[in-house]
Colleague: 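There's a structure below that I have some questions on.
Small disclaimer: the values here were computed from a predicted structure and weren't measured. These numbers come from the heavy atoms of this one structure, side chains and all, not from hydrogens, waters or symmetry mates.
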Amino acid sequence: MDSTPSYAYKSPVKHKMTRRASFHDYTMPGIYMFTLQKHPDAPVLSHVFGNPAVRSGDDAPRVALSSLGRILDEELQKTASMRANALSFSKYVIMPDHVHILLELKQALTRPVTNLVSMIESATTSRCRKTKLIPQEASVFKGRGINDRIVFDRQQLETLERYIEDNPRRLLIKRKYPDLFRRNLSVQINDDMIDCVGNMFLLRKPMLAVHVRRKWNAAETEAYKEKCISAMRQGMVLISPFIHPVENQIRKQALAEGGSVIQIVDHGFEERFKPSGQSMDTCAEGRLLLVAEAGTPTKKEDMSYDKASRLNRLAERLASLTPDSSITLKGE
């Protein structure tokens with residue numbers, strides 16, 4: 001897509017899997033990303049092949065559609081052709097168990113665009129029943145509703161386009177290193193209970209809690225930054241919520257130089273959670289562990305001083321672990 005229409009710029013919305021933005025008129029023009037979940041009992045929509053380390057060529061990650069996936073693809077193409085003046089599918093990817101669709105609605109509809117997506121689901125299910133790919137009483141998709149995101153600026157649009165393009169590679173990475181992407185919930189560490197995604201073995205290595213104080217002057221802050229980077233170069237794992245801008249600089253430099261990081265986050269991990277962007281690759285390399293206080297809501301909220309202090313204290317407690325500290329995994 002060469003340009004982003006002005007109507008695509010809207011306030012960001014955070015969604016649960018079936019939540020609609022109550023203030024938004026889904027009949028009006030805009031850009032949306034819809035995610036459809038396959039029913040657990042339905043056959044896969046596609047197969048993913050390739051080498052996640054290769055970005056182009058014959059061995060690059062790619063999707064091969066199944067019989068169900070081909071029917072869905074035909075319904076998407078049919079819808080785009082019949083309503084070419086009203087909408088277009090900028091990008092979409094049909095994964096084995098879900099589908100991401102980036103849809104541009106060019107003109108107002110008489111019914112919400114979510115109804116149109118539901119019609120595509122229904123048409124796909126109907127055809128799959130007629131061709132006996134699924135039983136007559138079965139469905140291709142889950143009945144939990146459609147997850148949508150409203151695109152509010154160009155940066156988010158470009159991020160979602162890259163995410164859709166990268167989906168096959170991300171799945172291959174997760175398959176190759178399943179232990180590094182498993183959610184470990186309610187992990188007991190001494191008196192703390194945490195949820196984790198990433199390399200749990202980082203908790204057994206020497207750690208340094210990174211915490212920049214606001215009262216420091218520029219020279220003190222720079223000296224502390226050098227201390228942290230030096231510790232990382234000597235093999236220590238840096239642990240922190242990395243809230244302060246300088247803390248974030250330390251995190252980025254540590255990862256860029258091949259160091260390891262434990263990041264305390266202020267949100268929990270959904271069932272299908274995977275790190276985003278470069279963090280996906282860092283996690284696959286075993287250099288990242290994401291930690292949240294057990295039971296933290298998955299929805300991100302604004303950072304407060306009290307929350308930041310609590311997360312920093314958790315980082316300090318984890319950094320003080322000794323080799324004989326008790327770590328009990330309970331799984332999902």
Colleague: Do Asp266 and Leu311 come within less than 4.5 Å of each other through their side chains, counting heavy atoms only?
Modeller: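 Yes, at least one pair of side-chain atoms sits under 4.5 Å.
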Colleague: Do Met119 and Arg111 pass the side chain to side chain contact (heavy atoms under 4.5 Å, CB included) test, and can you show the C-alpha distance, the side-chain angles, and the key distance before you say yes or no?
Modeller: CA-CA 12 Å; Met119 289 171 59; Arg111 291 185 294 176; 3.6 Å; yes
Colleague: Is there a side-chain hydrogen bond (donor to acceptor under 3.5 Å, both in side chains) between Arg251 and Asn248 once you walk through the steps?
Modeller: CA-CA 5 Å; Arg251 178 188 66 84; Asn248 202 31; 2.9 Å; yes
Colleague: Can you name the closest pair of heavy atoms from Ala292 and Gly268 and give their distance?
Modeller: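 Nearest pair, atom of Ala292 first, then Gly268: CB-CA, 4.4 Å.
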Colleague: Applying side chain to side chain contact (heavy atoms under 4.5 Å, CB included) to Val48 and Leu172, what does each step give before you reach the verdict?
Modeller: CA-CA 7 Å; Val48 178; Leu172 291 174; 3.7 Å; yes
Colleague: Which pairs with one or both residues in residues 273-302 pass ring-ring contact (aromatic ring centres under 6.0 Å, His included), sequence neighbours excluded?
Modeller: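 Passing the test, one end in residues 273-302: Phe269-Phe273.
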Colleague: Sort and list the pairs that fulfil salt bridge (charged side-chain N to carboxylate O under 4.0 Å, His left out) and have at least one residue in residues 80-95, not counting sequence neighbours.
Modeller: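 Listed once each, the pairs are Lys91-Glu165.
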Colleague: Please check this pair: side chain of Arg70 against backbone of Leu65, looking for a donor-acceptor N/O pair closer than 3.5 Å.
Modeller: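 Answer holds: yes.
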Colleague: Check whether Ser325 reaches the backbone of Thr322 with its side chain - one donor and one acceptor, N or O, closer than 3.5 Å.
Modeller: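 Looks like yes, one N/O pair under 3.5 Å.
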Colleague: For side chain to side chain contact (heavy atoms under 4.5 Å, CB included), just list the numbers for Ile31 and Leu103, CA-CA rounded to whole Å, side-chain angles, deciding distance to a tenth of an Å, and then say yes or no.
Modeller: CA-CA 6 Å; Ile31 298 180; Leu103 183 153; over 6 Å; no
Colleague: Using the rule that Ile, Leu, Val, Met, Phe, Trp and Tyr join whenever any side-chain heavy atoms are under 4.5 Å apart, tell me whether Phe181 and Leu288 fall into a single cluster.
Modeller: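 Hydrophobic grouping puts Phe181 apart from Leu288.
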Colleague: Checking Ser320 now: which residues fulfil side chain to side chain donor-acceptor pair (under 3.5 Å) with it, not counting sequence neighbours?
Modeller: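 Side chain to side chain donor-acceptor pair (under 3.5 Å) list for Ser320, sorted by chain: empty.
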Colleague: Using a 3.5 Å distance criterion without hydrogens, assess whether the side chain of Ser66 forms a donor-acceptor pair with backbone atoms of Leu45.
Modeller: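 Indeed, once roles are kept as given, a pair shorter than 3.5 Å links the two residues.
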Colleague: By the side chain to side chain donor-acceptor pair (under 3.5 Å) test, which pairs, at least two apart or in different chains, include something from residues 227-240?
Modeller: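 Pairs touching residues 227-240 that pass the test: Ser230-Gln234, Arg233-Glu257.
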Colleague: Sorted by first residue and then second, give each side chain to side chain donor-acceptor pair (under 3.5 Å) pair with at least one member in residues 171-181; sequence neighbours left out.
Modeller: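 Pairs touching residues 171-181 that pass the test: Asp179-Arg182.
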Colleague: Kindly give the heavy-atom pair with the smallest separation between Ala86 and Leu109, and that separation in Å.
Modeller: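 For Ala86 versus Leu109, the nearest heavy atoms are CB-CD2, 4.2 Å.
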Colleague: Using modelled atom types and a 3.5 Å cut-off, is there a donor and acceptor pairing between side-chain atoms of Ser139 and backbone atoms of Phe141?
Modeller: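 Looks like yes, one N/O pair under 3.5 Å.
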Colleague: For a quick test of reading the model, state the closest non-hydrogen atom pair linking Asp302 to Lys307 and the distance between them.
Modeller: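 Heavy atoms of Asp302 and Lys307 come nearest at O-NZ, 3.3 Å.
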Colleague: Sort and list the pairs that fulfil ring-ring contact (aromatic ring centres under 6.0 Å, His included) and have at least one residue in residues 52-79, not counting sequence neighbours.
Modeller: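 Qualifying pairs: none.
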Colleague: Lys106 side chain to Ala84 main-chain N or O, any donor-acceptor pair under 3.5 Å?
Modeller: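 The answer is yes, because a donor-acceptor pair under 3.5 Å joins these two groups.
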Colleague: Are the side chain of Glu222 and the backbone of Ala218 linked by a donor-acceptor contact shorter than 3.5 Å?
Modeller: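 No: the side chain of Glu222 does not pair with the backbone of Ala218.
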Colleague: Looking at every non-hydrogen atom in both residues, tell me the closest pair between Glu75 and Ile120 and how far apart they are.
Modeller: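 Closest pair (atom of Glu75, atom of Ile120, distance): CB-CG2, 4.2 Å.
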Colleague: I'd like to know if the side chain of Gln156 reaches the main chain of Phe152, judged simply by a donor and an acceptor atom lying under 3.5 Å from each other, with no hydrogens or angles considered.
Modeller: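 Side chain of Gln156 to backbone of Phe152, a donor-acceptor pair under 3.5 Å: yes, one is there.
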Colleague: Show every salt bridge (charged side-chain N to carboxylate O under 4.0 Å, His left out) that has at least one partner inside residues 192-206, sequence neighbours left out.
Modeller: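 Every salt bridge (charged side-chain N to carboxylate O under 4.0 Å, His left out) pair that includes a residue of residues 192-206, provided the two are not neighbours, is Asp192-Arg317.
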Colleague: Among residues at least two apart in sequence or on other chains, which ones pass side chain to side chain donor-acceptor pair (under 3.5 Å) with Arg313?
Modeller: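 Counting only residues at least two positions away or on another chain, Arg313 forms no side chain to side chain donor-acceptor pair (under 3.5 Å).
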Colleague: With heavy-atom distances below 4.5 Å as the criterion, would you say the side chains of Asn167 and Ile164 are in contact?
Modeller: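 With C-beta onward as the side chain, the pair stays apart.
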Colleague: Between Glu74 and Arg127, does any side-chain N to carboxylate O distance fall below 4.0 Å?
Modeller: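 A salt bridge links Glu74 with Arg127.
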Colleague: Quick one: does Lys38's side chain have a donor or acceptor within less than 3.5 Å of a partner on Ala42's backbone?
Modeller: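 Looks like yes, one N/O pair under 3.5 Å.
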Colleague: Which heavy atom in Lys130 sits nearest to a heavy atom in Gln136, and how many Å separate them?
Modeller: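 Closest pair (atom of Lys130, atom of Gln136, distance): N-NE2, 4.3 Å.
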Colleague: Output every pair passing side chain to side chain donor-acceptor pair (under 3.5 Å) with a member in residues 39-62, not counting sequence neighbours, ordered by first then second residue.
Modeller: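 Qualifying pairs, neighbours excluded: none.
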Colleague: List the residues meeting ring-ring contact (aromatic ring centres under 6.0 Å, His included) with Tyr224, not counting sequence neighbours, and say none if there are none.
Modeller: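 Testing Tyr224 for ring-ring contact (aromatic ring centres under 6.0 Å, His included), a comparison that skips the adjacent residues, returns Trp216.
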Colleague: Is the backbone of Cys196 close enough, under 3.5 Å, to the side chain of Arg183 for a donor and an acceptor to pair up by distance?
Modeller: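 No.
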Colleague: Would you list the pairs meeting ring-ring contact (aromatic ring centres under 6.0 Å, His included) in which at least one residue belongs to residues 82-127, sequence neighbours left out?
Modeller: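 Of all non-adjacent pairs touching residues 82-127, those that pass ring-ring contact (aromatic ring centres under 6.0 Å, His included) are His98-His100, His100-Tyr163.
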Colleague: Scan for salt bridge (charged side-chain N to carboxylate O under 4.0 Å, His left out) pairs involving residues 278-293, sequence neighbours excluded, and state none if there are none.
Modeller: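 Non-adjacent pairs meeting salt bridge (charged side-chain N to carboxylate O under 4.0 Å, His left out): Arg169-Asp281, Glu285-Arg287, Glu293-Arg310.
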Colleague: Return yes if some donor-acceptor pair links the side-chain N/O of Thr282 with the main-chain N/O of Gln278 below 3.5 Å, else return no.
Modeller: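 Indeed, once roles are kept as given, a pair shorter than 3.5 Å links the two residues.
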Colleague: Linking I/L/V/M/F/W/Y whenever any side-chain heavy atoms sit under 4.5 Å apart, do Leu202 and Leu208 land together?
Modeller: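 The answer is no; the residues belong to distinct hydrophobic clusters.
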Colleague: What's the shortest heavy-atom distance between Gly286 and Leu180, and which atoms?
Modeller: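 Of all heavy-atom pairs spanning Gly286 and Leu180, the closest is N-CD1, 3.9 Å.
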Colleague: Walk me through it: do Thr27 and Asp25 pass the test side-chain hydrogen bond (donor to acceptor under 3.5 Å, both in side chains)?
Modeller: CA-CA 5 Å; Thr27 66; Asp25 185 352; 2.6 Å; yes
